[in-house]
Amino acid sequence: MKTKDNLTNYHLESLLIHGKTNSENWDYSHHLVPPVSASATFKLDSVERGAQGFIEFANNENPEGADHRPIYIYERLGEPNKNILEENLTLAESGEMALTFATGMAAISGILCTLSVAGDEILHHHTLYGCTYSLLVNWMPRLGIKAKGVGFYDLDELRAAITPKTRVLYFESPVNPTLELIDIEAVAGIIRDENLKRGDGRKLYMVVDNTFATPVCQQPLTLGADFVVHSLTKNIGGFGTDMGGAVIGKKFIYDLLLLYRKDFGNTLSFHSAWTHLVYGLPSLNLRVRQQERTAIMVAEFLASHPSVEYVNYPGLPSFPGYALARKQMKDPSGNFAPGNMIYFVLKGNSPGDKREKGKNMMNSLASNAYTVTLAVSLGNIRTLIEHPGSMTHSAIPAEEQVKHGMEPGGIRLSIGLEYHADIIADLKASLENS
Ligand SMILES: *Cc1c(COP(=O)(O)O)cnc(C)c1O
């Protein structure tokens with residue numbers, strides 16, 4: 001047997017570059033890099049082969065015959081660039097399957113709409129990315145699916161909120177934007193207990209948004225989650241050129257999710273799939289490791305600055321979730337991996353004053369800084385700063401934000417690949433101006 005036939009011997013860092021070398025989706029055995037598969041439709045050898053393609057589509061549970069090579073029909077159903085990216089994402093998160101979508105929101109709405117039906121309830125941690133909150137609060141109820149916010153760090157409160165109708169527990173860890181952590185293994189324990197009680201086969205599932213941590217800082221499926229979702233637009237894409245989303249996890253939902261994507265039509269474009277496959281995923285570990293080295297220095301700088309009230313960064317021993325971070329955030333070699341995201345609040349004599357000072361700081365950066373850019377999104381090669389309260393999380397009513405730990409003055413910082421001292425110098429200058 002060739003050594004490359006047994007991928008279990010190789011490390012995640014290598015798998016992210018080479019993927020499954022014996023992929024049935026790989027039609028390009030002499031290419032070092034997969035070509036951009038720019039073909040919206042595919043040539044069929046015969047009417048029978050076309051018909052067979054439609055029979056086999058989304059019928060992976062009952063495959064006919066031994067030939068598992070896909071019959072490509074039409075880009076919305078599947079094509080080589082997306083399929084190979086999906087194989088590599090499966091490896092990245094140690095899942096059974098992965099399916100990509102046009103955006104992170106398309107992936108999140110996809111998994112929630114396939115797991116739940118009218119009459120079901122979704123319990124979510126109350127602080128979430130703003131559009132996810134809006135999806136749960138404004139759109140799911142129109143489908144007859146109720147969403148309820150709970151504090152997932154309080155396991156008793158979480159246990160008490162589960163009813164026989166609860167279908168999904170949904171959260172981010174670290175939470176966008178506050179960086180709070182939720183104990184994934186503990187939530188898995190609650191789900192195990194609940195499912196033992198359920199006799200009707202209607203199981204409870206855990207969906208974790210792993211966009212902040214990425215698979216090279218945290219592996220939720222290994223910790224007991226059923227599904228992971230990603231905005232590929234962020235850390236995995238890394239360069240900020242393309243949007244994308246993915247659901248990774250258990251196989252049983254794969255066919256239904258494929259049918260959902262076919263009919264709702266929120267398919268990732270071949271070109272975006274190609275950039276995530278060729279640039280994003282292979283460079284992910286290297287980028288995040290470097291950003292992490294800078295993030296700890298920036299977090300320490302901010303924490304020691306007299307104008308800063310507090311800093312939430314999972315790598316700071318003063319961070320309230322530090323012990324949990326050490327337990328569940330690990331790089332592929334098993335070392336502590338607190339990631340590249342920071343949340344902080346400036347000092348002020350009222351919440352409004354802190355917000356004003358933060359605004360001044362960000363405006364000063366927007367006008368003067370070279371290495372820190374005022375922009376939403378995250379996980380980019382450039383360092384990005386933004387104000388969640390009025391930007392990424394503005395869909396959450398202001399009272400709700402404050403009630404659950406999002407201060408009006410909270411600032412989110414995503415560390416890029418610039419030289420650490422330059423980022424710190426730009427931040428320092430802006431603090432002097434605020
Ligand atoms: C940005 C983001 C999303 C949404 O992803 P898009 O690709 O912008 O649709 C979902 N979850 C988190 C945590 C995000 O930061």
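Computed from a predicted model, the values in this text were never measured in an experiment. Order of appearance sets the numbers: ligands from 1, and atoms from 1 within every ligand.
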Among protein heavy atoms, which lies nearest atom 9 (O) of ligand 1, and at what distance? Met105 N, 2.9 Å
Tell me the protein heavy atom at minimum distance from atom 4 (C) of ligand 1, and give that distance in Å. Tyr129 CE2, 3.4 Å
Looking only at distance, does [X] have an N or O less than 3.5 Å from an N or O of ligand 1?
X      : answer
Glu172 : no
Asn176 : yes
Gly104 : yes
Thr132 : no

Distance under 4.0 Å to a non-hydrogen atom of [X]: what atoms of ligand 1 satisfy this?
X      : value
Leu378 : 15 (O)
Asp209 : 10 (C), 11 (N), 12 (C), 13 (C)
Lys234 : 1 (C), 2 (C), 3 (C), 5 (O), 14 (C), 15 (O)
Gly244 : 7 (O)
Met243 : 7 (O), 8 (O)
Ile108 : 10 (C)

Treating [X] as the side-chain partner and [Y] as the backbone partner, does any N or O pair qualify as donor plus acceptor under 3.5 Å?
X      : Y      : value
Arg167 : Ile122 : no
Gln219 : Pro215 : yes
Asp242 : His276 : no
Thr211 : Ser231 : yes

Distance check, rounded to the nearest 0.5 Å: Met341 atom CE versus Lys234 atom NZ? 8.5 Å
How long is the span from the CG atom in Asp209 to the CD1 atom in Ile108, to the nearest 0.5 Å? 5.0 Å
Tell me, do His18 and Tyr10 make a side-chain contact under 4.5 Å, heavy atoms counted? no
Under 4.5 Å between any side-chain heavy atoms of Arg198 and Pro164, yes or no? no
Mutual orientation of the aromatic rings belonging to His271 and Trp274 [parallel < 30°, tilted 30-60°, perpendicular > 60°]: tilted
Under 4.0 Å, heavy-atom basis, I'd like to know which part of Val229 is in contact with ligand 1: side chain, backbone, both or neither. neither
For ligand 1, note which part of Thr392 has a heavy atom under 4.0 Å away: side chain, backbone, both or neither. neither
